[in-house]
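Positions are given from 1 along the sequence. Keep in mind it's a predicted model, so treat the numbers as computed, not measured. Start at 1 and go down the list; that is how both ligands and their atoms are numbered.
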Amino acid sequence: MEIQFSEIKERKEVILNEDDLDFGKVFADYMLEMDYDMVKGWHDVRIVEHHPLSLDPQCMVLDYAQEIFEGLKAYRCDDQSINLFRIDLNAKRFCNSAIRMAIPPLEEETFVECVKAYVDKVRDWVPQRFGNTLYLRPFIIATDNGLGVRASRTFKFMIIASPSAAYFKTGLDPVDIFVEEKDIRSAPGLTGFAKCGGNYAISLKAGTWAKHNGYSQVLWLDGIEHKYVEEVGSMNIFFMIDHELYTAACTGTVLPGVTRQSILDICEEKGIRVHVGKLAISDIMKAGKEGRLNEVFGCGTAAVISPVGKLTYEGDSVIINQHKTGDFSKELYTALTSIQWGKIPDPYGWTTKV
Ligand SMILES: *Cc1c(COP(=O)(O)O)cnc(C)c1O
């Protein structure tokens with residue numbers, strides 16, 4: 001695959017003020033683009049200056065939401081090399097998301113090659129400080145024009161990048177979570193396993209309500225019985241009850257997180273048993289009342305580990321671990337970030353150098 005490169009004329013020197021970094025507010029000066037049509041397939045990969053798109057108002061993605069995305073990070077190591085983490089899993093998930101949304105999937109190797117070539121061009125934008133990263137956002141949108149409802153025949157793949165601060169500036173701060181009782185984000189046969197914008201659009205109403213009421217995110221229950229825990233806004237979630245771990249299975253309704261999978265793999269290697277399957281919210285609240293709910297934590301690429309300090313369900317709340325970060329959450333955070341930043345040798349072969 002040949003990747004064209006249009007160098008920015010008189011490119012400014014990249015100077016990152018790492019004290020002021022936020023999440024997804026500042027963008028690298030380059031982006032990657034590739035087009036799809038029925039004749040040429042995916043073609044014409046290029047790295048060009050980050051620029052606004054010109055779309056017709058009748059562009060299909062705008063009304064019918066045929067689009068998918070990914071989220072991963074580039075990590076700066078002490079020797080100035082750059083790590084990517086389990087990019088094969090992002091490539092595979094991007095492919096599965098594409099198929100679900102009737103988008104022609106990118107070959108997994110193509111995805112990996114594009115990300116690597118792109119990160120190499122924007123390597124100056126990868127922050128230096130431990131915890132800070134260059135957040136990468138690959139995505140595909142439908143680009144046919146017209147109001148007739150059908151799958152688009154043309155698409156655009158893009159990657160943009162944003163130097164971002166560690167999610168929690170003061171370390172791992174526990175968050176408060178509201179358990180949503182009415183709205184659902186997923187059900188069997190729907191798109192829960194795909195990373196697509198629609199999943200987020202339908203979650204915003206509950207998420208906004210939760211934020212206005214002092215909660216950081218919503219915990220979603222299963223779409224059929226409204227009984228079993230599935231995941232948090234943009235994270236998977238684990239519960240430790242009586243010192244045993246639980247998380248929902250990825251059987252179509254839950255997003256198969258790279259962080260979730262890595263936690264399961266670390267637990268397996270350490271001989272820690274995890275119950276992967278159904279866990280009722282009523283059992284969690286009961287365990288909380290009885291002092292048996294040891295730890296709860298969300299996990300995802302952005303936050304890595306996000307401890308939960310309080311859960312509210314049907315007007316009732318439980319405080320978890322005195323609203324403090326649990327030892328296991330800390331241990332996992334250290335285990336994951338040490339590999340990601342190359343602080344320790346990678347025992348699993350999860351990292352790729354750029
Ligand atoms: C991206 C995402 C996650 C976390 O996946 P990671 O690969 O660990 O970042 C969890 N849930 C949802 C809904 C997501 O979109």
Side-chain angles (χ1 to χ4, degrees), residues 23-24 65 67-75 83-98 100-101 108 111-112 115 133-140 162 164 166-168 175 177 180 183-187 190-207 210 216-223 229-239 247-267 274 276 296-306 308 329 332-333 335-337 339-340 348 350-352:
F23 175 77
E67 76 87 47
I68 55 166
F69 65 93
E70 265 305 319
L72 66 162
K73 288 168 161 178
Y75 308 83
N83 273 353
L84 299 172
F85 183 72
R86 306 197 81 173
I87 186 173
D88 53 316
L89 297 185
N90 294 103
K92 183 166 278 164
R93 187 170 67 191
F94 201 50
C95 201
N96 291 337
S97 299
R100 179 63 181 84
M101 302 303 286
E108 288 168 36
F111 177 90
V112 172
V115 171
T133 54
L134 184 64
Y135 184 83
L136 303 166
R137 171 51 55 86
F139 62 113
I140 296 177
S162 173
S164 296
Y167 209 75
F168 298 107
V175 297
I177 299 280
E180 174 59 33
D183 285 4
I184 59 169
R185 82 169 274 285
S186 177
L190 278 173
T191 54
F193 67 89
K195 227 169 162 70
C196 62
N199 286 346
Y200 278 78
I202 61 170
S203 73
L204 296 175
K205 180 170 138 274
S216 112
Q217 293 209 17
V218 163
L219 171 61
W220 298 101
L221 301 178
D222 75 279
V229 291
E230 294 212 317
E231 61 183 313
V232 205
S234 54
M235 290 186 287
N236 297 108
I237 189 162
F238 284 75
F239 299 85
T247 196
C250 287
T251 50
T253 54
V254 171
L255 202 283
V258 174
T259 321
R260 171 189 177 279
Q261 187 57 52
S262 304
I263 291 169
L264 291 177
D265 293 340
I266 289 171
C267 285
V274 186
V276 178
V296 178
F297 55 89
C299 64
T301 298
V304 190
I305 300 289
S306 175
V308 177
S329 303
L332 279 178
Y333 181 83
L336 288 165
T337 54
I339 297 172
Q340 289 165 336
Y348 307 100
W350 285 345
T351 48
T352 305

Student: Where is the tightest heavy-atom contact between E70 and R137, given as atom of each residue plus distance?
Tutor: O-NE, 2.8 Å
Student: Which pair of heavy atoms, one from E231 and one from L255, lies closest together, and at what distance?
Tutor: OE2-N, 3.0 Å
Student: Check the orientation of F94 and F111. Use parallel for under 30°, tilted for 30 to 60°, and perpendicular for over 60°.
Tutor: tilted
Student: Working note: Q261 + R86, criterion side-chain contact (heavy atoms from CB on, under 4.5 Å); need CA distance, chi angles, decisive distance, verdict.
Tutor: CA-CA 10 Å; Q261 187 57 52; R86 306 197 81 173; 4.1 Å; yes
Student: If I compare all heavy atoms of Y333 with all of A303, which pair ends up nearest, and what's the gap?
Tutor: CE1-O, 4.2 Å
Student: Contacts table for ligand 1: protein N or O within a distance under 3.5 Å of ligand N or O, distances only.
Tutor:
unit_1, atom_1, unit_2, atom_2, d
ligand 1, 7 (O), R93, NH1, 2.8
ligand 1, 7 (O), R93, NH2, 3.1
ligand 1, 7 (O), V258, N, 2.8
ligand 1, 8 (O), V258, N, 3.2
ligand 1, 8 (O), T259, N, 2.9
ligand 1, 8 (O), T259, OG1, 2.6
ligand 1, 9 (O), T301, N, 2.9
ligand 1, 9 (O), T301, OG1, 2.6
ligand 1, 11 (N), E231, OE1, 2.6
ligand 1, 15 (O), K195, NZ, 2.7
ligand 1, 15 (O), Y200, OH, 2.5

Student: Indicate the atoms forming the closest heavy-atom contact of I266 with A335, along with that distance.
Tutor: CD1-CB, 4.2 Å
